[in-house]
Amino acid sequence: MNWIDIGAVEDVPLRGARLVKTHEGCVAVFRTAETEVFAASDTCPHKAGPLSEGIVHGQKVTCPLHNWVFDLNTGLAQGADDGRIEVYPVQIVEGRILLDVSFLAKRSAA
Amino acid sequence: MQKLVVIGAGMASGRVLEHLRETAPDAYEITLFNAEPRGNYNRIMLSPVLSGEKSYPEIVTHDDDWYAANKVTCRFGEHVVRIDREAKQVHGQKGAVPYDKLLIATGSAPFIIPVPGKDLPGVVAYRDLDDTNAMIAATGKSGARAVVIGGGLLGLEAAAGLRLRGMEVTVLHLMGHLMERQLDEAAGYLLKKDLERRGITVLTNASTKAILGEDRAEAVLLEDGTVLDADLVVMAVGIRPETRLAVDAHLEVGRGIEVNPQMLTSDPDILAVGECVELNGQLFGLVAPLYDQAKVAAATLTAQAAEFVPRELSTKLKVTGCDLFSAGDFAEGEGREDIVFRDPARGVYRRLVIEGNRLIGAVMYGDTADSNWFFGLIKDGADIEEMRETLIFGPACQGGGQADPLSAVAALPPEAEICGCNGVCKGTIVKAIEGGAGDLGALRAITKASGSCGTCTGLVEQVLQVTLGDDFQRPAAQPMCGCTELTHEDVRLLIKTKELKSQEAVWQELGWKTVNGCHACRPAVNYYLLADWPLEYKDDPQSRFVNERNHANIQKDGTYSVMPRMWGGMTTPQELIAIAQAAEKYGATVKVTGGQRIDLLGVRKEDLPGIWYDLNQAGMVSGHAYTKGLRTVKTCVGSDWCRFGTQDSTGLGIKLEKKLWGSWTPHKVKLAVSGCPRNCAEATCKDVGIICVDSGYQVGVAGAAGMDVKETERLVDVRTEEEAIEWTTAFIQLYRENAKYLDRPYKWVAKVGLDWVKEVLGNDAERTALVERFDVSQSVYQKDPWAERASPEAARRFQPLADFTKEAAE
Ligand code: SRM
Ligand SMILES: Cc1cc2nc3c(=O)[nH]c(=O)nc-3n(C[C@H](O)[C@H](O)[C@H](O)COP(=O)(O)OP(=O)(O)OC[C@H]3O[C@@H](n4cnc5c(N)ncnc54)[C@H](O)[C@@H]3O)c2cc1C
Ligand code: SF4
Ligand code: FES
C-alpha cells in the first residue's frame with residue numbers, strides 16, 4: 001500500500017465528489033457521509049460520463065449522463081445495467097483523506 | 001517485594017489494581033500517583049453527577065479503606081513531573097519513588113480549540129470532577145446561559161445536564177449533524193429533535209471564531225458573525241492522549257504511547273494502559289477496551305501470558321430519554337448493503353449495514369431494546385443469511401413484521417391540514433369516514449376535501465385506508481420512487497402540513513426506506529423544501545443534477561456550455577464583443593440558440609469560473625440555460641419598431657425576465673411576449689405567453705412546444721403592463737407551490753384544471769399574497785450564481801483535488 005494525502009475531508013462536499021487526476025485516468029473521491037469516503041474511477045463504462053458529477057446517495061453514485069447507478073463498495077453497476085468501475089482503497093486519518101496510489105506504480109514498474 | 005509505581009488513578013489503572021489484588025496480592029508494593037486530589041472514581045458517571053441524578057460519593061470506585069486494605073501508598077493531588085529510566089525512579093512534585101515496574105495510565109487531556117478568549121475564566125473542559133463542579137456552580141445564577149462547543153457524546157451529556165439544572169443551553173457543532181462519528185444523518189436529526197424538545201438549542205455547521213469577554217467569558221462569536229451570550233462555555237471538542245511524561249522519557253510515542261499486545265511500551269519495565277496508549281495506530285476512548293487492557297497489563301505484571309485484542313465497540317448516550325445506539329463501523333469495507341427501517345409515528349429509526357452474510361454496523365434511535373442482540377451479531381460475526389429479510393425487525397420478529405407504508409399518514413395529528421384549497425383537516429375527514437363516508441366521492445361531497453385542485457387526493461385516500469383498514473382498497477398510485485410509497489403530491493402536502501424543513505426530517509418523518517434518498521427523489525425533495533421554506537431551508541447543491549450544481553450544461557464529452565442572459569433577446573455591441581472575446585479565450589464554439597441568445601459550447605470545467613468572471617465584467621449574468629427555473633423571455637420588436645406593434649412587447653419581456661430570473665421552479669419555464677396577434681415571438685406555445693392588443697394584454701398559460709405541442713389557454717385579459725406582470729408572477733408562484741417536480745405548467749394545469757387556477761388567481765387577496773411569497777423567495781434566490789462561484793475561494797471547487805499527472809512530469 002502506498003497512502004498519499006490528497007486533501008482534507010471538508011474539501012469534498014458532503015454527498016459530493018472531487019477529482020484526482022492521474023496518468024491512469026481520473027479518480028473520483030466521493031464523500032458519502034460526514035466521515036465516509038470512497039474512491040473509484042471517474043469514467044462511466046457506458047459512455048464515459050464523469051461520475052464525480054453524479055448524485056451521491058447511500059453508498060452509491062448515479063452517472064449524470066444516463067443514470068447508471070454504481071455501488072461504490074464493489075464498483076458494480078446496479079439493476080439491469082451491466083458494468084463495473086475500478087474502486088481504490090481510501091481512508092480518513094485525522095481529518096485527512098489518504099488514497100492508496102499503488103495502482104499508479106503498476107504502470108511505471110512495467 | 002518488587003516495587004510498582006502507577007501514574008494516574010483513572011478508570012484503567014483502577015481495574016489493573018483490582019486484578020492484581022485478585023491474582024497476586026503480594027507481588028508488589030504499590031505507589032499510586034494521581035494529579036487529581038482524589039482516588040479512582042467512575043469517570044463516566046460524571047454526567048449523572050452533573051445532571052443531579054447521582055452524587056460524587058456514589059461514583060467512587062475505590063475508597064480510602066480499599067487502598068489501606070490493599071497496601072497501596074496513595075499520592076493524590078501530586079503530579080508526576082518526570083520519569084528517570086536510568087535510575088528507575090519516578091519524580092513526583094513532592095519527591096522521587098523508585099520502581100521495578102512502572103505503569104503509565106495518564107488518560108487524555110481535553111482538546112482546547114485555539115481561539116481568542118479560550119483561557120478566560122468561565123471556559124471549562126469536561127473531564128474530571130473539578131470541571132463538573134465548576135459547571136454545577138455556574139448553574140446557580142438564575143437565567144444563566146451556557147454554550148457547549150462540540151456536539152459529540154461529551155458535549156451533549158454536558159448540555160443535557162446543564163439544561164436539567166435550569167440553564168439556557170446552546171450546543172455548537174462544527175459538522176452537519178450531531179455525533180457524526182457514531183450516528184448517521186437520520187439518527188442525528190432525531191437526536192437534535194429530542195434535544196430541542198428539552199429546550200436545548202442546537203446549531204450545526206457552527207464554527208467558533210472567538211470567546212468574547214473582559215474578565216470572564218461573556219459570549220461566543222461564530223465565523224458567520226452570530227454572537228451568543230454565555231455565562232459558561234464548555235469545550236467538548238475532543239481529547240488528546242496525555243503523553244507528555246512518556247515523550248520526555250523518550251519512550252516511543254505516536255499519537256499515543258506505543259504499546260505491544262502485552263501492554264508493554266518500548267521499555268520492557270514500563271507498561272501503559274488506557275486512553276494514553278496507541279496499539280497499531282489505534283487509540284481507545286471508551287472504557288470497554290480499557291478494561292480488557294487492564295486485565296492484560298495485570299497478567300503481564302505477574303508474568304502470565306495474555307494478549308490484548310481490540311474488539312467491536314458500541315456507543316450509548318447517557319442522556320435519560322434519548323435512546324440511541326451505534327455499533328460497528330460504517331466508514332470502511334467492501335460490498336456493503338444497507339437496510340433501513342423507520343417508524344415516523346414512534347420516532348424510530350434503525351439502520352443495519354451488512355457485508356456478505358455478516359452484520360457489521362448498526363445505528364438505532366428511539367427504540368434500542370434490541371441493541372444488545374444486534375451488537376452480539378456484530379461481535380460474533382454471526383451468519384445472518386437465514387434471517388436477512390426480517391433482520392431489521394429484531395429478535396422478536398424473526399419470521400414476521402413489515403414496515404407500514406401508511407405510518408406517516410397515521411402519525412398525522414387530527415388538526416393537520418390535508419386539503420389546502422378547502423381548509424379541511426385530518427380530523428374532519430376521519431369524522432366523516434366514521435360517519436359513514438366510505439369512498440372518495442362521498443368524502444368530497446361531505447367535506448369538500450380534494451374537491452378543488454385535487455392534488456391531495458392521494459392523501460385523502462390514505463386517510464381512508466388508515467381509518468377503514470382493509471375495507472378500503474386504494475387505487476395504486478405511482479410512488480415517487482423506490483425510496484417511498486408516497487406520491488409526489490403526498491410528499492409535497494406532507495412537507496407543508498408537518499412543517500418539514502430539512503431533508504433529514506422528510507426521510508425520517510415520511511418513512512423513507514433508504515438512508516438518504518436516490519437520484520430521483522433527492523432533487524424533487526430539495527426543490528419542494530426550498531419552494532415551501534425559502535427562508536428556513538438552505539438549498540443543497542448535492543441534491544441537484546450536475547447542470548444545476550455547476551451552473552452550466554454538461555455536454556456528452558464532459559465539457560460544458562455557457563449561456564449568458566440576454567434580457568428579452570436584446571443585446572449590445574459591447575456584450576457581443578465580450579462574448580466574442582470569451583469564446584476566443586476559452587476555445588468555445590458559438591451558436592445562436594432557438595431561445596434568442598448565444599451559446600458558448602465546449603468549455604472545460606476548470607475554465608468555468610474564468611469565463612463567468614469575464615462575462616460578469618461585461619455586465620452579463622447566467623442565462624440559467626440549465627435550470628428547472630426561468631429560461632428565456634422571447635420577445636418581438638414590438639411598438640418600438642414594428643408598424644403593427646400595439647404595445648412595447650420588448651420592454652414588457654425585459655421587465656418580466658428581470659422579475660422572474662433566478663427563481664427555481666418544478667420544471668423549466670419559458671415565456672414570450674408578442675407585440676400583436678401575428679405573434680412573431682411564438683407566445684402561443686409557451687408556459688406563459690402574452691399577446692399585446694390595442695386594449696391591453698392577453699395572458700395565456702400552459703402552452704407547449706417540446707415533446708408535446710399545445711396552444712396556450714387564456715388565463716386573463718388585463719389593461720396594464722403592471723397587471724400583466726402581477727398575474728404572470730402569481731401564476732408562476734402557484735405553479736411553484738403546487739406542481740409535481742418535473743411537471744411543466746401545461747401538465748400541472750391539466751391535472752388541477754384551469755378553472756381552479758383562474759379561481760385562485762381571480763381572488764385579489766390571494767393573487768397579492770402569491771406575488772408577495774414569490775418576492776420573499778427571490779430575496780434569497782435572485783443572485784447571479786456565476787458571480788458567486790467566480791470568486792477565487794469558490795472557484796477552487798472547480799479544480800481537481802489533487803493532480804498526480806503534473807507531479808510526475810517534473
Ligand atoms: C441550446 C438549445 C438548442 C439550440 O441550440 O437552439 C437547447 C438545447 C437543449 N435542450 Fe432544448 N434547447 C433549446 C431550445 C429549446 C426549445 C425552443 C425554445 O426554447 O424556444 C424547446 C421547445 C420548447 C420547450 O421548452 O418545450 C426545447 C425543448 C427541450 C426539451 C423538451 C421539453 C418538454 O417539456 O417537452 C428538452 C428535454 C427536457 O427539458 O427534459 C430539452 C433539453 C435540452 C438540453 C438541455 C438537453 C440536455 O439535457 O442536455 C439541450 C442541451 C444541449 C447542449 O448540449 O447544450 N429541450 N429546447 C436551445 C436553448 C434555448 C435557450 O436560449 O435557452
Ligand atoms: C463526562 C464523561 C463521560 C464519559 N462517558 C463514557 C461512557 O458513557 N462510556 C465510555 O465507555 N466512556 C465514557 N467516557 C470516557 C472514559 O471515562 C475514559 O475512556 C476513561 O476514563 C479513560 O480511562 P483512563 O484510565 O485511561 O484515564 P482517566 O480515567 O482519565 O484517568 C487518568 C488519570 O491520570 C491522572 N494524570 C494524568 N497525568 C498525570 C500525571 N502527570 N501525574 C499524576 N496523575 C496524572 C489524571 O488526573 C486522571 O485522574 C466518559 C468520559 C467523561 C469525561
Ligand atoms: S433537440 Fe435539443 S435535446 Fe435534442 S439533440 Fe437537439 S439540442 Fe439536444
Ligand atoms: S455515460 Fe454514464 S450512464 Fe451513460
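Reckoned from all heavy atoms, side chains included, excluding hydrogens, waters and symmetry mates. Lettering of chains follows the sequences in order, A, B, ..., and the numbering in each one begins at 1. Bear in mind that the values here come from a model prediction, so they are computed numbers and not experimental data.
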Over 12 foreign heavy atoms within 6.0 Å of NZ, B/Lys513:
yes

Against chain A, work out which of B/Gly176, B/Gly558, B/Gly188 has the most heavy-atom pairs shorter than 4.5 Å and name it.
B/Gly176

Considering residues, nucleotides and ligands other than A/Asp82, do more than 12 of their heavy atoms fall under 6.0 Å from its CG?
no

Inter-residue atom distance A/Gln59.CD - B/Asp338.CG, 0.5 Å rounding
5.5 Å

What closest approach, in Å, do A/Leu65 and B/Gln555 show between heavy atoms, and which atom pair accounts for it?
CD2-O, 4.3 Å

Contact class of A/Val69 relative to chain B, heavy atoms under 4.5 angstrom
side chain

Part of A/Glu94 lying under 4.5 Å from any heavy atom of chain B:
side chain

What heavy-atom pair brings B/Gln542 and A/Pro13 nearest, and what distance separates the two atoms?
NE2-CB, 3.2 Å

Which atom names give the shortest non-hydrogen contact between B/Phe545 and A/Ile55, and what distance separates them?
N-CD1, 4.1 Å

Shortest non-hydrogen contact from A/Thr35 to B/Glu180?
OG1-O, 4.1 Å

Would B/Arg797 and A/Asp11 pass as an ion pair if we require N to O under 4.0 Å?
no

Applying a strict 4.5 Å limit to non-hydrogen atoms, the region of B/Asn547 in contact with chain A is neither

Nearest heavy atoms of B/Ile554 and A/Pro50, plus distance in Å
CD1-CG, 3.7 Å

If you apply the rule side-chain contact (heavy atoms from CB on, under 4.5 Å), what do you find for A/Arg15 with B/Asp540, and how did you get there?
CA-CA 10 Å; A/Arg15 277 179 258 119; B/Asp540 172 26; 3.3 Å; yes

Salt bridge flag under 4.0 Å for residues A/Glu36 and B/Arg181:
no

